[in-house]
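Structure first, commentary second.
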Amino acid sequence: MESAKARDRLNSVIIHAILVIFSIIMIVPFAWMILTALKTNQEAISVSPFYIFPHNGWHWENFATVWKSYNFLILYKNTLLMIFFRVLCACLTATMAGYAFGRLKFPGKNALFSLVLIQMMVPSQIFIIPQYLMVSSLGMLNTMFGLVFPGIVTAFGTYLLKTGYQGLPRDLEEAAAIDGCNIGQQFLRIMMPLTRSSMVSLGIFTAVFAFKDLMWPMIVCSQATTTTLSAALAKMQGQYSSDYPAMMAAAALAVLPMVIIYIIFQKQFVEGIATSGGKL
Amino acid sequence: MKEKKGMTKAEKNTAMWAYLFVAPTMIGLIVLNFYPIFNTIYQAFCKTGDFGKGNTFVGFANFQSLIVGNNSSEFWQSLLNTVKYAIIEVPFSIVIALVLAVFLNRKKMHGVTVYRTIFFLPMVCAPAAVAMVWKWLYNQQFGLINNLFGTSIAWISNPSIAWISVGIIGVWSIIGYNMVLFISGLQEIPGDYYEAAEIDGATGIRQFFSITIPLLSPTTFFIVQTRIIGALTVFDLMFMVMDKTNQALPKVQSVVYVFYTYAFTNGNKGMGAAVVCLLLIFILIITLILQSCEKKFVFYN
């Protein structure tokens, strides 16, 4: 009995040691980003001695300089608005379609739903050239509409919400129908509020992937005033590749808002992203 | 609308509502996704004029150039690069994630939330920023890695190791996501299996191989499938880490990187469309192979 306990304790020490090592590997890049951002460029490229921590004070002003010279206010605004509109469009269209596919009977349902599934199986790069040409011929390059365009509808979200609606108890609509609600009222008053958790998952999923997207904003919004954080970083890297503290400050400014929101709502984030991924 | 006989008034009413509800999504999918699929395939057979206008039909010329002609060495190399990237990213990220998930799923485990939050962190970060940071870590002269280990390895400009360095970033980025998927898979395995095994005196490692691995196989298969497709369409990391001037670029760039260069940097939409069509065919073949493996290796109760 005693030896079994001792073995358990040893196991758990080894396991925690492995987990801590991996945690360090995960955190070091972030820590190095912040530490570099707080140095002067001379410190950052000093090799002997090699500085881990800033040597001559912590240069928080690097953030302010980068903020101003790259106009982060506009980048934040563009990114936030793009995320807002994409989440709004995705939730609105997907909840309606998901309800119809999950709860209603209608001719052609399977055929229409197979279109949804096909869209999910095809690599998204195949849509990009025609989508770009459409935005371009509408004269909508470098606009918010252009940024939001591919995210107006979502096959994945439709699938996710369909699963959500199918999981609701059978007799809900019947009770509502007896009370004299038509289908629109049943949907709005009873069914939609019950799939709130699927909607939150879809919202977080959409927001995070819109935030991470690089190729689309680079293509449709090439100007510094109309683009998003990700695409702006790609541009900066080309222009200022030797000012390491500035680049790391820019990278930190680009990831920090999402990281902070994630740490506050980590449970919802992990569940939203992973469980919606897991249902695919 | 000509309805089938036998539809009652209520059924017609329901169908009307249903069409109303699916209309925005279906119209959107047709305009944004289905028209583009056919348009991309059409463009793959065209030579693009200036400003993306004035397509002239050229038959299989683009495909010929990619498969056997002028662009063939670049295209086949990029396909090989992509497969090599997948060979690093997929197995390593999955095996490490599985081990971490099993650890975090232990009974009476402390600190699960903290570990999970840390491992999942790269998932909410823009790959553009992540790649910038890693590029700086890999810097040959001033980078943390070389200075820490006293080496001077050209991590991302030596063609023979750069693909591994980029693969490592990919693994680092995706471990947490795979881990969380594994944890939810593990939680679906009934606890009685382990209790029975414990009574029979099976050790932890024995339990892992004879209970966890087979019962987790649907989750594992799902992760393998999504990771393979994800790895085959990798772009962001490569684009940010590998400059146009990097001498290792031809040995690292992925198919999607080549697609981007053709279609948007060089403005040759036709050639870009042909690349993405070939990628689609490749992915469909891989998907079919995976589907046939599913029956063999996946254990559904």
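As a basis for the values below, the full set of heavy atoms in this structure was taken, side chains included, without hydrogen atoms, waters or symmetry mates. Convention: sequence-line order gives letters A, B, ...; per-chain numbering from 1. What you are looking at is a predicted structure, and each value in this text was computed from that prediction instead of being measured.
When each of B/V133, B/N33, B/I118 is scored by its heavy-atom pairs under 4.5 Å with chain A, the top score falls to B/N33. Contacts with chain A were tallied for B/L104, B/T40, B/V276, B/T117; B/T117 has the most, counting heavy-atom pairs under 4.5 Å. Counting heavy-atom pairs closer than 4.5 Å to chain A, the top residue among B/N147, B/T113, B/L100 is B/N147. When each of B/L20, B/L29, B/V180, B/V130 is checked for heavy-atom pairs under 4.5 Å with chain A, B/L29 comes out on top. Here B/W136 is the residue among B/F142, B/F103, B/W136, B/Y260 with the most heavy-atom pairs under 4.5 Å with chain A. The candidate from A/M258, A/Q237, A/M33 with the greatest count of non-hydrogen atom pairs under 4.5 Å with chain B is A/Q237. In terms of heavy-atom pairs under 4.5 angstrom with chain A, the leader among B/Q141, B/M132, B/K135 is B/M132.
Here A/I152 contributes atom CD1 and B/I27 contributes atom CD1; the two are 12.0 Å apart, rounded to the nearest 0.5 Å. Between the CE atom in A/M218 and the OG1 atom in B/T265 there is a gap of 8.0 Å [rounded to 0.5 Å]. Taken from OH in B/Y115 to OG in A/S23, the straight-line distance is 6.0 Å, to the nearest 0.5 Å. With values rounded to the nearest 0.5 angstrom, A/F22 atom CZ is found 4.5 Å from B/I96 atom CD1. Going from atom CH2 of B/W134 over to atom CH2 of A/W32 covers 13.5 Å, rounded to the nearest 0.5 Å. The CG atom of B/L121 lies 6.0 Å from the CD1 atom of A/I263; values are rounded to the nearest 0.5 Å.
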Tell me, with the steps shown, if B/L144 and A/I52 meet side chain to side chain contact (heavy atoms under 4.5 Å, CB included). CA-CA 8 Å; B/L144 178 67; A/I52 299 280; 4.2 Å; yes
Residue pair A/M134, B/Y35: steps toward the side chain to side chain contact (heavy atoms under 4.5 Å, CB included) verdict: CA-CA 11 Å; A/M134 281 188 254; B/Y35 162 72; 3.8 Å; yes
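Looking at B/M240, both its backbone and its side chain come within 4.5 Å of chain A, counting heavy atoms on both sides. For B/F235, the part lying under 4.5 angstrom from a heavy atom of chain A is the side chain only. For B/V31, the parts lying under 4.5 angstrom from a heavy atom of chain A are both the backbone and the side chain. Contacts of B/S184 with chain A are absent, with no heavy-atom separation under 4.5 Å from either backbone or side chain. Interface residue B/M109: only side-chain heavy atoms are found under 4.5 Å from chain A. Neither the backbone nor the side chain of B/N146 comes within less than 4.5 Å of any heavy atom in chain A.
When side chains are defined from C-beta on, B/N13 does not count as touching A/N182, because their heavy atoms never get closer than 4.5 Å. Between B/V22 and A/F113 the shortest side-chain heavy-atom distance does not fall below 4.5 Å. At least one side-chain heavy atom of B/Q43 sits under 4.5 Å from a side-chain heavy atom of A/I129. Side chains of A/M121 and B/I229 form no contact here, defined as non-hydrogen atoms less than 4.5 Å apart. A/Y244 is listed as a side-chain neighbour of B/N139, based on a closest heavy-atom distance under 4.5 Å. Counting only heavy atoms from C-beta outward, the side chains of A/F106 and B/T14 never approach each other to under 4.5 Å. The shortest distance between side-chain heavy atoms of A/I15 and B/R106 falls below 4.5 Å. Residues A/M215 and B/V256 have side chains in contact (heavy-atom distance under 4.5 Å, counting atoms from C-beta outward).
Distance alone, capped at 3.5 Å, is enough to place a donor-acceptor pair between the A/K212 side chain and the B/M123 backbone. The backbone N or O of B/A126 lies less than 3.5 Å from no partner atom in the side chain of A/S230, so there is not a single donor-acceptor pair.
B/W172 and A/F30 have their aromatic ring centers within a separation under 6.0 angstrom. Aromatic pair B/F21/A/F187: centroids less than 6.0 angstrom apart. Aromatic ring centres of A/Y132 and B/F264: separated by under 6.0 Å.
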